[in-house]
Amino acid sequence: METPEIVTVERTAAVATVTIQRPEKLNALNARVVAELTRAFAGLAASTDPEPVRCAILTGAGKAFVAGADIAEMATLSTMEAKRFADAGHALGALIEALPFPVIAAVNGFALGGGCELALACDFIYVAEGAKLGQPEVNLGIIPGFGGTQRLVRRVGAARARELVYTGDMITAEQALAMGLVNAVHPAAELLLRARDTALKIASRGPLAVAASKRVMLRGEALDLPAACELEAQAFAALFGTEDQRAGMTAFVNKSKAAFTGK
Ligand code: COA
């Protein structure tokens, strides 16, 4: 008999919802969960479905989004095994960032350690009231290994990131909102609905334009301002000559709704 999958993917229209289903361990990321998440997102990227995914939501089953990397599994790792585990986490983050559509993290509960890092690899985060976020690795004698020391600095600034990483403190949803770590706090029962509303709105926009925005904003972070602006100008220009640009502008002029094809 096949082992049931821990990571499930559900499609509704152009929106895919990826759910980590290991609630008995608060969705802790062991090697298998990381591999299944990688497979799930790679599958969405490679899909030849006639209706392509235009936005995805990543969430967790039960009371946690992800309570961190699996401490029980990490406890016995050698230095080399730990490097491989970190590499797998980084590859997953890079894969999410390279997807040609946005991924919204719907943080339904604890997002700690690798959970916070996974959410940070998504385009932005919505969080449920009562959720707790943080990078508690220093309590275990280690540091964040799935991009936390880097993406957290870029998201909330060096001073706030340092305080979170050095203290290992958990913060509330409201504190996370105040520091710009998350975009919105929603009642738990509405979290997925709100994420879906936004995902559907994004899915209705010009897909090539959304993909180009994501690519340019992410790549631009690693460049100086003139190089980043040049990257933007090239992407802007490349969209002229696409069916989407013609459809979008013609619809505006005709006061109608654009039918985007992603071509
Ligand atoms: N790795 C492995 N197992 C984990 C885990 C993790 N990161 N987080 C939770 N679990 C497991 C617990 O061991 C427990 O398993 P058990 O029932 O077999 O004993 C189960 O999930 C439920 O967790 P529990 O601690 O009983 O829930 P709680 O509501 O009392 O506490 C937390 C919730 C999140 C505060 C607590 O689980 C915790 O501190 N987890 C570790 C957080 C962390 O340090 N993450 C960073 C890792 S780098």
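Owing to the predicted nature of the structure, the values given are computational and were not obtained by experimental measurement. Atom set for the values below is all heavy atoms of this structure, side chains included, hydrogens, waters and symmetry mates excluded. Both ligands and their constituent atoms are indexed starting at 1 by order of listing.
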Centroid-centroid under 6.0 Å between Y126 and H186 rings: yes
Main-chain N/O of G262 paired to D244 side chain as donor or acceptor, under 3.5 Å: yes
Short N or O contacts of ligand 1 with protein, under 3.5 Å, listed by atom name?
unit_1	atom_1	unit_2	atom_2	d
ligand 1	1 (N)	A69	O	3.4
ligand 1	1 (N)	I71	N	2.9
ligand 1	7 (N)	A67	O	3.0
ligand 1	7 (N)	A69	O	3.0
ligand 1	15 (O)	K25	NZ	3.4
ligand 1	18 (O)	K25	NZ	2.5
ligand 1	29 (O)	K63	NZ	2.6
ligand 1	45 (N)	A67	O	2.9

Common cluster, L231/V210, ILVMFWY with side-chain heavy-atom separation under 4.5 Å: no
Side chains of E243 and T261, donor plus acceptor under 3.5 Å: yes
Check: I125 and N183 side chains under 4.5 Å, non-hydrogen atoms: no
R39/E5 ion pair, N-O < 4.0 Å: yes
